[in-house]
There are 2 protein chains.
Amino acid sequence: MDVATAPDIHPPMEFDEAGAETRDRIVTAEEATQLAELFRLLGDPTRAQLLYALLEAGELCVYDLTETVEVSDTAVSHALRLLRTAGIVASRRAGRMIYYRLADVHVRMLLDLSREHLRHG
Amino acid sequence: MDVATAPDIHPPMEFDEAGAETRDRIVTAEEATQLAELFRLLGDPTRAQLLYALLEAGELCVYDLTETVEVSDTAVSHALRLLRTAGIVASRRAGRMIYYRLADVHVRMLLDLSREHLRHG
DNA sequence: TTATCATTTGAGCATCTGTTCAGGAGTTCG
DNA sequence: CGAACTCCTGAACAGATGCTCAAATGATAA
């Protein structure tokens with residue numbers, strides 16, 4: 001089998017001392033909504049292409065990114081703003097160009113793992 | 001139609017010994033679209049709550065799942081159908097009840113990693 | 001059989017989303 | 001200065017999305 005042993009839990013909504021590890025696994029409705037927001041941002045073809053281009057290249061300016069997708073530069077800019085506001089990508093200015101990169105290692109792992117799911121799942 | 005405009009990004013197409021790993025990292029536009037479809041399905045508060053409930057409990061019937069969210073049982077059923085069709089969850093019938101579970105270990109890892117991103121990212 | 005339970009399906013609809021268009025802001029250089 | 005370049009913002013609109021309602025299916029029990 002695999003890593004995750006099936007935890008058949010039908011727990012009451014109480015927290016005893018022994019439930020530390022279990023409690024860490026519980027995701028509240030609010031957390032789930034925040035997680036959905038993260039997934040929603042990854043869940044668009046344009047944005048996904050931009051993110052995987054960044055995963056591959058490390059850092060790209062907007063012009064480079066517009067060449068990876070088939071929408072206008074304006075659409076790319078809108079997409080990048082959403083990703084930047086959500087903390088999924090980060091940017092730095094260099095002259096008139098602005099370079100984008102994936103914000104943190106979690107995002108990189110997420111994209112990487114998802115690609116594995118697609119290819120070997 | 002044939003929208004396969006090339007992934008002709010910066011690096012030249014040289015594949016030496018170490019190039020195999022590099023090649024595996026390249027995600028085509030079509031793959032990115034498939035990945036976006038996966039993320040899109042996770043990117044809804046109702047569906048995310050259902051999935052994290054399944055991650056926690058292992059297996060739940062529809063009635064149990066309706067109690068984890070604040071929408072009608074009909075909405076839950078619609079949500080589950082999307083997830084089932086996409087291969088994100090699997091189901092088995094037991095009497096008149098139908099039990100749902102996460103389809104594979106990749107999905108579990110994806111949900112787990114995302115939760116870590118939210119809490120420690 | 002009929003009744004009831006558990007879940008699904010289809011339709012209708014208000015809301016949300018991603019796009020393009022038009023214009024604006026910031027930067028470099030002649 | 002002004003022109004060229006890179007990127008961003010706001011508005012408007014077609015299309016997608018997720019919800020509820022009404023009805024239907026499949027399974028158990030009386």
Side-chain angles (χ1 to χ4, degrees), chain A residues 10 29 32-54 57 59-101, chain B residues 3 5 9-10 29 32-54 57 59-86 88-101:
Chain A
H10 282 256
T33 299
Q34 291 179 272
L35 288 160
E37 177 65 14
L38 168 65
F39 288 128
R40 189 183 67 81
L41 288 163
L42 308 185
D44 168 75
T46 296
R47 292 194 293 269
Q49 284 183 65
L50 297 176
L51 291 170
Y52 278 97
L54 291 176
E59 202 177 43
L60 291 171
C61 70
V62 177
Y63 179 78
D64 290 336
L65 287 168
T66 59
E67 297 210 317
T68 70
V69 292
E70 291 195 334
V71 295
S72 65
D73 58 335
T74 300
V76 171
S77 190
H78 280 300
L80 289 172
R81 186 165 64 83
L82 288 176
L83 295 172
R84 179 162 30 84
T85 301
I88 295 173
V89 302
S91 63
R92 72 178 171 89
R93 168 152 244 153
R96 16 188 187 196
M97 289 187 283
I98 297 180
Y99 285 93
Y100 281 84
R101 63 185 180 279
Chain B
V3 195
T5 53
I9 319 175
H10 288 151
T33 299
Q34 291 180 272
L35 288 160
E37 177 66 12
L38 168 65
F39 288 129
R40 188 182 68 80
L41 287 163
L42 308 185
D44 169 74
T46 296
R47 292 194 294 268
Q49 283 182 65
L50 297 176
L51 291 170
Y52 278 98
L54 291 176
E59 201 177 45
L60 291 172
C61 70
V62 177
Y63 179 78
D64 290 336
L65 287 168
T66 59
E67 295 209 317
T68 71
V69 292
E70 291 195 337
V71 294
S72 66
D73 57 338
T74 299
V76 171
S77 189
H78 280 300
L80 288 172
R81 187 165 64 84
L82 288 176
L83 296 172
R84 178 162 30 83
T85 300
I88 296 173
V89 302
S91 63
R92 74 179 170 89
R93 166 153 245 151
R96 19 188 185 196
M97 290 187 282
I98 297 181
Y99 285 92
Y100 281 83
R101 62 186 182 279

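Chain A is the first sequence line, chain B the second, and so forth, proteins listed ahead of strands; every chain is numbered from 1. Because the structure is predicted, anything quoted here is derived from the model rather than measured.
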Closest non-hydrogen atom pair between [X] and [Y], with its separation:
| X | Y | result |
| --- | --- | --- |
| A/R96 | A/R93 | O-NH2, 3.9 Å |
| B/T68 | B/L65 | OG1-O, 2.7 Å |
| B/A32 | A/A48 | O-CB, 3.6 Å |
| B/C61 | B/Y99 | N-CD2, 3.5 Å |

Taking only side-chain nitrogens and oxygens of A/Y100, does any of them come within less than 4.0 Å of OP1 or OP2 of D/dT6? no
Would you say A/R81 places a side-chain N or O within less than 4.0 Å of OP1 or OP2 belonging to D/dT9?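 Yes, because at least one side-chain N or O of A/R81 sits under 4.0 Å from OP1 or OP2 of D/dT9.
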Side chain to side chain donor-acceptor pair (under 3.5 Å) partners of A/R84, counting only residues at least two apart: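 Side chain to side chain donor-acceptor pair (under 3.5 Å) check on A/R84 returns A/Y100.
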Taking atom [atom1] of [X] and atom [atom2] of [Y], what is their separation to the nearest 0.5 Å?
| X | Y | atom1 | atom2 | result |
| --- | --- | --- | --- | --- |
| A/L35 | B/L51 | CG | CG | 10.5 Å |
| B/R81 | B/S91 | CZ | OG | 13.0 Å |
| A/Y52 | B/T33 | OH | OG1 | 11.5 Å |

Please report, rounded to the nearest Å, how far the [atom2] atom of [N] is from the [atom1] atom of [X].
| X | N | atom1 | atom2 | value |
| --- | --- | --- | --- | --- |
| A/L42 | C/dG18 | CG | P | 12 Å |
| B/L50 | C/dT7 | CG | P | 13 Å |
| A/L65 | D/dT6 | CG | C1' | 13 Å |
| B/M97 | C/dC5 | CE | P | 14 Å |

Starting at the 5' end of nucleotides 13-18 of chain D, put B wherever the base has a protein heavy atom under 4.0 Å, S where only the sugar-phosphate does, and a dash everywhere else. ----SS
Taking the minimum atom-to-atom distance to the side chain of A/I98, which one of C/dT7, C/dT9, D/dC8 wins?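 The answer is D/dC8.
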Sorted by number, the residues of residues 73-80 of chain A with heavy-atom contact under 4.0 Å to DNA chain C: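 DNA chain C contact set from residues 73-80 of chain A: A/T74, A/A75, A/H78.
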Any base atoms under 4.0 Å from B/Y99, or only sugar-phosphate, or nothing? Heavy atoms, all strands.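 Answer is nothing: B/Y99 stays at 4.0 Å or more from every strand.
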For A/L82, which of A/V89, A/I88, A/L41 qualifies under side-chain contact (heavy atoms from CB on, under 4.5 Å)?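 It is A/L41; the other options fail the test.
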Can you list every pair that meets side-chain hydrogen bond (donor to acceptor under 3.5 Å, both in side chains) and has a residue in residues 34-50 of chain B, with sequence neighbours left out?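 Listed once each, the pairs are B/E37-B/R40.
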List every contact pair, protein side and nucleotides 25-27 of chain C side both N or O, where the distance is under 3.5 Å.
none

All N/O donor-acceptor pairs, side-chain side in residues 69-80 of chain B, below 3.5 Å, sequence neighbours left out:
| residue | atom | partner | partner atom | Å |
| --- | --- | --- | --- | --- |
| B/S72 | OG | B/A75 | N | 3.2 |

